[in-house]
Structure formats: C-alpha cells, structure tokens
2 protein chains.
Amino acid sequence: MRGIYSNAWPATTTFMQTAPRKARNSSSPTRRKGAAVTIHEVAQRAGVSPMTVSRVVNGNANVRAATRELVMRTVRELNYTPNAAARSLAAASGTRIALIYTNPSSAYLSELLVGALDGASKAATQLVLDTWDHMTRATERAAARKIAQSVAGVILPPPLCESKAVCSELVAAGIPVVAIASGRFQPDISGVRIDDFRAAQEMTEHLLSFGHSRIAFIKGHPNQTASGLRYEGYQAAMAAAGIPVDPTLVQQGFFTYRSGLEAAEKLLARKKPPTAIFASNDDMAAAAVSVAHRRGLDVPRDISVVGFDDTPTATTVWPELTTVRQPIAAMAASSIDLLLRSIRRRKDGEARVVVDHVVAHLLVKRDSVAAPPG
Amino acid sequence: MRGIYSNAWPATTTFMQTAPRKARNSSSPTRRKGAAVTIHEVAQRAGVSPMTVSRVVNGNANVRAATRELVMRTVRELNYTPNAAARSLAAASGTRIALIYTNPSSAYLSELLVGALDGASKAATQLVLDTWDHMTRATERAAARKIAQSVAGVILPPPLCESKAVCSELVAAGIPVVAIASGRFQPDISGVRIDDFRAAQEMTEHLLSFGHSRIAFIKGHPNQTASGLRYEGYQAAMAAAGIPVDPTLVQQGFFTYRSGLEAAEKLLARKKPPTAIFASNDDMAAAAVSVAHRRGLDVPRDISVVGFDDTPTATTVWPELTTVRQPIAAMAASSIDLLLRSIRRRKDGEARVVVDHVVAHLLVKRDSVAAPPG
DNA sequence: TTGAATTTTGATAGCGCTATCACTACGCTC
DNA sequence: GAGCGTAGTGATAGCGCTATCAAAATTCAA
C-alpha cells in the first residue's frame, strides 16, 4: 500500500519555496510530544483511507461490516479522539449551542451551567449563553429569530420552554430545540425531564408513611406545566391513601421565597395547622421553615417541611431539607448530546426526530421530616 | 492588488480532477447565507493580506499604526469575529482555560460561570470546568500538575487561590494563573478582586450613619484572606468613629449558613444584644435574619443585618439584604481576558507579567437596615 | 547618498478533519 | 452478456486560520 501522504507534491517553482513546517513521513510519523492521535495514523494502521475512518467514526455512511470492525478496533488501540476544532471547521457546521435563560438568580442555574458546560466541552461544542429578561412576546419572537441564525441548536430551561411563541419561532427556523426540565412532553420539541408527577407522588407517600395526614401543598408558578404535574402527583397520592384533600391546605405559590413566605404564613396561621408542608420547590420550602421558626415551631418536631429540586438552598437552611433531586447537571449534559445528534441527523437530511427523555429522580431524605407531633 | 487567492494552482493531471467545492472569486466573494465573515473578506476590504489582519486581531506583532487602524476599522465595519475552530486548529495551541472550583454550592458559582462563559465565548476560547473536592494537599498538587498539561491558563476562585501548594505548582508548570476575588494581591499570580477592606469599611460607616454603635461582626472563614480584610475594614471604621469594638460582639463564622446560625445565636442570646449585625457574607447574614425572626425580632425594626457579596441569597430572603455587590461575572470575564493576554505574551516569549486588577464594588442598600430601636 | 539594519507586509503551506466526486466491484435485469 | 444500478472505498480539495520565512519598505548610520 502506498502511504497516505506520498511526497508527490507538484514541484512547481512558485510553490514549495519554503520548507514544509513539519516533515511528513508516512512510514514513521513523528508526533509532537503530547499531541493527539490523528485520523491519518488510524487510517495508516488500519490500512484504509482517512475517509473510511471518518465514516466509521461518524457512523453514518455505508462501510462494510468487516472494515468497520477493523477500524473500530484500531481506534480503540490507538485511543483516537477526533479533534473537535478540525471537525467543526471541516464540517463547516458552526456547532454552537445556545442556552437561553430568564431569571438568572434561579437556584439551579449554576448546576445547569455546570452540566451544559461539561457536556459541551466533552463534545467540543461551543456553548453560548443568552439572558432574556423582561421581554414581551414580540421581543421574544424577535430574539428567537435572531438566535436561530447564529446557533445550530438551543437548550430551553423553564419557563422559556413553555412559551409557545419562542418554541414555534425556533421550530419554524428549523433548528433543533431541547426543553430541559419542562413538565410535559411537547409535540414539536425534544425534552429531557424527570417524571414530576411520579416524584411528587412519592414524596407525598413518604410523608404519609410517617403518619402525616394533614399535608399542606404549596403550588408552583402556574406558567409552568411542572407545577401542575407536581400538584397532581400530590393529589393522586392523597387519593390513593384515602385522605380527602382539604382545599384550604393548598396554597398558590410562585416558586419564589417571598411567595412561599406568604403561603406558609396563611397555612400556619390556621387554627388547626398542617403537620407537614410540601412545597413545590426548595426556595418555598425554605420560606416555610423560616415562618415555622418565627412562630416558635421546631422543624421537624412540630412540623415537617419538604421541598423539590434539591437546589443549594436545600442544604443551606437548617434543618437541611428532604427534597426531590432533579439531576439538572446530567440533564443539561444529556441535552447537549441530544441536540448534537439531532443537528448531525439534520445535516444528513434525515427527518426531524423528537424525543422525550425522562431521567430518574431521587428522593433525598434529610432532616426536615419526622412523625407528626402527639 | 492581486486577489488573495489567484487561480494559480498547478494544473498537474493528477490534481484538480474534481471541481473546487466552492468557486472562489476574489472580486466578489459569494457568502453562504448566515456564514460568518472571514479573515479574507476583511483583508480584501482593507487591501491587506489575511496575515496582516491576523496580526492585528491578535495584537501582538509589529504592524504599522496606520495599517492597524485601517484593519481595526474594517473589522468593526464587517463585524468580523475570528472562527474559534480554525484558530485553535491552525495555532495548534489548544487555548483552553480551566476554571477550578471547590464547594460547588457556593452561592456565587453561577455568576462566576456566567461571567467566565461570556468572556470565553467572546474570546473564542474553550472553557473547561474542574471540581476539586475533598482533596489533600498532595492530591491538589497532583491535580494541579495534571491540569497544567491540558490547559493554557487557569482561573482560581477562593478558597483554592489561597492554597500555596496549588499556586506554586501551577506557576512552576509555567502556565498563567488568575486568582479571582482573592483578598490580597499575591506576588506570583495575577488577580482580579475588589477592595475588601474599603468595602467593609464603607458598610460599617453606613451602619454607623444610621446611629448604630453596638455593631456585631461575624467573621468569614479564616482560610481566606478576604475574611481578614473585611474584618479589618470593620475595625478601621469603628476606630475612626471612636467606638471601641466589644470583642464579644465579634464571632467567628465560616461563610456557611450553619456557622452564621451559631454565631447569630450567641450574639442575640446576650443580655444586651447588638443593634446591628454585619456578616462577612450573605449566607451568614441570611442565617442571622432567621435567628432574629426565631427570637421574635423584626428586621430591620429591632435589629439591622447586612451581608457581603450580593449573591442570590441576598434577594431571596425577606427582608432583602443590604450588602456589598462584588461584580463576580464581570470579574470572571475580565480574568479570561487577562489570562488570554498573558498566554499570548508567553507564546511570544515575553516575560511573565503579574497584574493586580482591583475593580469597583458597590454598596447595595435594601431593606434590612434601619435606625436602632429606641 | 549609499549600504546595512530593521521593521512591516505578504506568499505559501498546513493544522485535522469532512464534502465531493471518481472509481471499483459486485450484483441485478432483460 | 451488455447495460445499469448500487454499495464500498479512495483521492483531492478546502474549512478559516496562523507559522514560517521571503520580500518589500522603511529607518538609520556613516
């Protein structure tokens, strides 16, 4: 077999005036210290062309099974990893992914960022951030149109992923979108989420198992489908236990600490207060703890309080909150993966595929739950 | 001027068998929809070679002032942004920057990430994250050595930037390091920080101006120099006001909510409690508010509480905390800049330059401060 | 004013990968 | 068995940028 790079460069006088930057010798490729294995080295070792290696690595063209096998083995042997820069340069696919968020102080933002950044750096994709605050539906539309021109995919955390305007604009622009932590599966866009209904149900069952029956619920912001699902999970568990839900024990909240404060205040000012409060997120649960303390109640001895999401807040307050862990970081990383796959597919001209990826949640038991007093 | 790419390719029979992928016409470059402006377009418009544009953009070679000016104007006119992939491919210098952190639930992590990511994406640099938790000095050393091999620069937030082991290892490996939000300027590594002493002094003066004199102080973690500086700022302001500091009004904290809880508990259990509490960060201030509430005290009517950092916590609790804003996001972006400049300089063989960049802080007045009761 | 030293600019190649097409086999139809 | 698809593979060029060195322009010295 001839070497991949023979020295058959045309020796025109105009060209080759300068010595090549690096001597290329196909029989013994000199490798800079620490430099990565290239596709050429794999190709040479496997006795195929770099193109065939590329096809195998990208797994989408027609390569004979035997060849594919051989190449894959070689790739493993040499521990070859494609160079992301070269790949995105050659593919001319500006594989930039945007993560758009509103409400930057949202407690899980940092976990979201950590996860997305991790996923992006593993896949050698550039992640760009965009904050959309105080926007009207019209400006959101415009912003969506604009971002669609500069990136190849978009990750949408709540509450943005609930906006019909944004989603439809993005979908119309033909770029893949992944909604992260959105409550419900949406027909047009892919999603990575947990089963909010099931999680809330389990949490309620957890409280019931301690003997609680007067369990109050603080609802989440009505503009997010997850809020509804969590409430429904609570209702379902209560119904299954044969305990009618006292409607005055259900308060509307808005995911903010302040709203939790107000809701808990109403709940605990009652003559017969609940023995447990299930707040739809950790911030509101923390507020409930604060109100309880202000009223001289001990948590969990006098009242149990649980939250949802397992944000830093849950472990910041004292006692640390029993809550539902939503693996935001993993979900974000997974979103990047999904997006990348979708982008590649799209480039191959395949049809848009919408997936709904439900990941496992976890009930995290800490110190804010005990049996009801008395 | 001749076009950048003339069609002078050697027409050997072996070559040029296939038509060029894209017709290159120097007089009217066809641009794909949505494709970015390239260095060639800038060069052509400015009437110089791409190389000159590259030099100007990278700002490190000797280019005549007039030429530089012209190119920069053209760059602005065309809104040119270098292609990160191409750049890192050609330079073969994986200009990756690592952001290493411990204590991921640290309240300002998200702002740190947002800022760093923003700076990185503006500079077309890849940002990689690394978490170092539960490490001994030895493993830290090893980790430092390892990371030094895979990135070109490191950003170190506290408390890591206080570790002699980590810093010296990184410096020894010859890669530039920027300490962010470190209290004191360190001789070997660059830093971006606020003037903690001055900020604490101003905050204390703010409390004094309301008529407080029994001002308690909750110290930060002793492993961070910023803690000491904040305390000294408090002391200086008290001394300037001619008020001796009651040592029993100074409690040791560790920047955690829990430690704030304990400190505030001790403070408020006293027979003659302080009329104001200055906590070294927002989490401890939030804890102080919680303790006050539990004791039936109203904030700020009965007691004023202030924090430091202006993290999300400050606006989460009620009442919202008066605090010192530390512009972490801007500081992070600035760190990336500093690092990049340093890396470039290093590549040019220039000497290591250590800078200490002190940025402006801001006293944010919210609802947790009032005149002392009575 | 001339020659040398220096600065500024440009031409060329190549970073590692993939798009594109050419080519080779190997079926298949009629 | 000629013609025609159709998998499988390879050769070539080029993505946008920068390293390198040559060439040109400029400055400086004598």
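Each chain gets a letter, A, B and so on, in the order its sequence line appears, and its residues count up from 1. The analysis underlying the following values was restricted to heavy atoms, covering all of them including side chains, and did not include hydrogens, waters or symmetry mates. Being a predicted model, the structure only gives us computed values, none of them experimental.
Between C/dC15 and A/T38, no contact under 4.0 Å exists linking OP1 or OP2 to a side-chain N or O. Dashed line: the shortest gap from a side-chain N or O of A/T52 to OP1 or OP2 of D/dG8 is not under 4.0 Å. Applying the 4.0 Å criterion to OP1 and OP2 of D/dT18, one finds that B/N58 has a side-chain N or O inside that range. B/S54 has no side-chain polar atom (N or O) that falls below the 4.0 Å cut-off from OP1 or OP2 of D/dC17. Neither OP1 nor OP2 of C/dA11 sits under 4.0 Å from any side-chain N or O of B/S49. A close approach under 4.0 Å does occur between a side-chain nitrogen or oxygen of B/R87 and OP1 or OP2 of D/dT18.
The side-chain contact (heavy atoms from CB on, under 4.5 Å) check on A/R145 picks up A/R141, A/E169, with sequence neighbours excluded. Taking the side-chain contact (heavy atoms from CB on, under 4.5 Å) definition, one finds that A/A86 meets it with A/N83, B/L89, sequence neighbours left out. Taking B/S190 as the reference, B/V178, B/L338, B/V354, B/V355 meet the side-chain contact (heavy atoms from CB on, under 4.5 Å) condition, with sequence neighbours excluded. Looking at residues two or more places apart in sequence or on another chain, you find no salt bridge (Lys or Arg N to Asp or Glu O under 4.0 Å) involving A/D130. Under the salt bridge (Lys or Arg N to Asp or Glu O under 4.0 Å) criterion, A/E77 pairs with A/R45, not counting sequence neighbours.
Look at CG on B/N62: it is 17 Å from P on D/dA25, rounded to the nearest Å. In this structure, CG of B/L89 is placed 10 Å from C1' of D/dT18, rounded to the nearest angstrom. The distance between atom CZ of B/R64 and atom C1' of D/dA24, rounded to the nearest whole Å, is 11 Å. The interatomic distance linking B/H40 (NE2) with D/dT18 (C1') rounds to 11 Å, in whole Å. Between the CG atom of A/L70 and the C1' atom of D/dT9 there is a distance of 13 Å, given to the nearest Å.
The nearest pair of heavy atoms linking B/Y101 to B/P157 is CB-CG, 4.2 Å. In plain terms, the two heavy atoms of A/P327 and A/V359 that are nearest each other are CG-CG2, 4.0 Å.
Rounded to 10°, the angle separating the first-five-pair axis and the last-five-pair axis of the helix from C/dT1-D/dA30 to C/dC30-D/dG1 equals 30°.
Distances were taken from every side-chain heavy atom of B/M51 (C-beta onward) to each of C/dT9, D/dC17, C/dA11; the shortest belongs to C/dA11. The side chain of A/R55 lies closest to D/dG10 when the candidates are D/dG10, D/dG8, D/dC17. Out of D/dC15, D/dG10, C/dT7, the shortest distance to the side chain of A/A90 is found at D/dC15. Considering only side-chain atoms of A/I39, the nucleotide from D/dC17, C/dT18, C/dT9 that sits closest is C/dT18.
Between B/A65 and B/A86, the residue anchored closer to the 5' end of DNA chain C is B/A65, taking for each the nucleotide with the nearest heavy atom.
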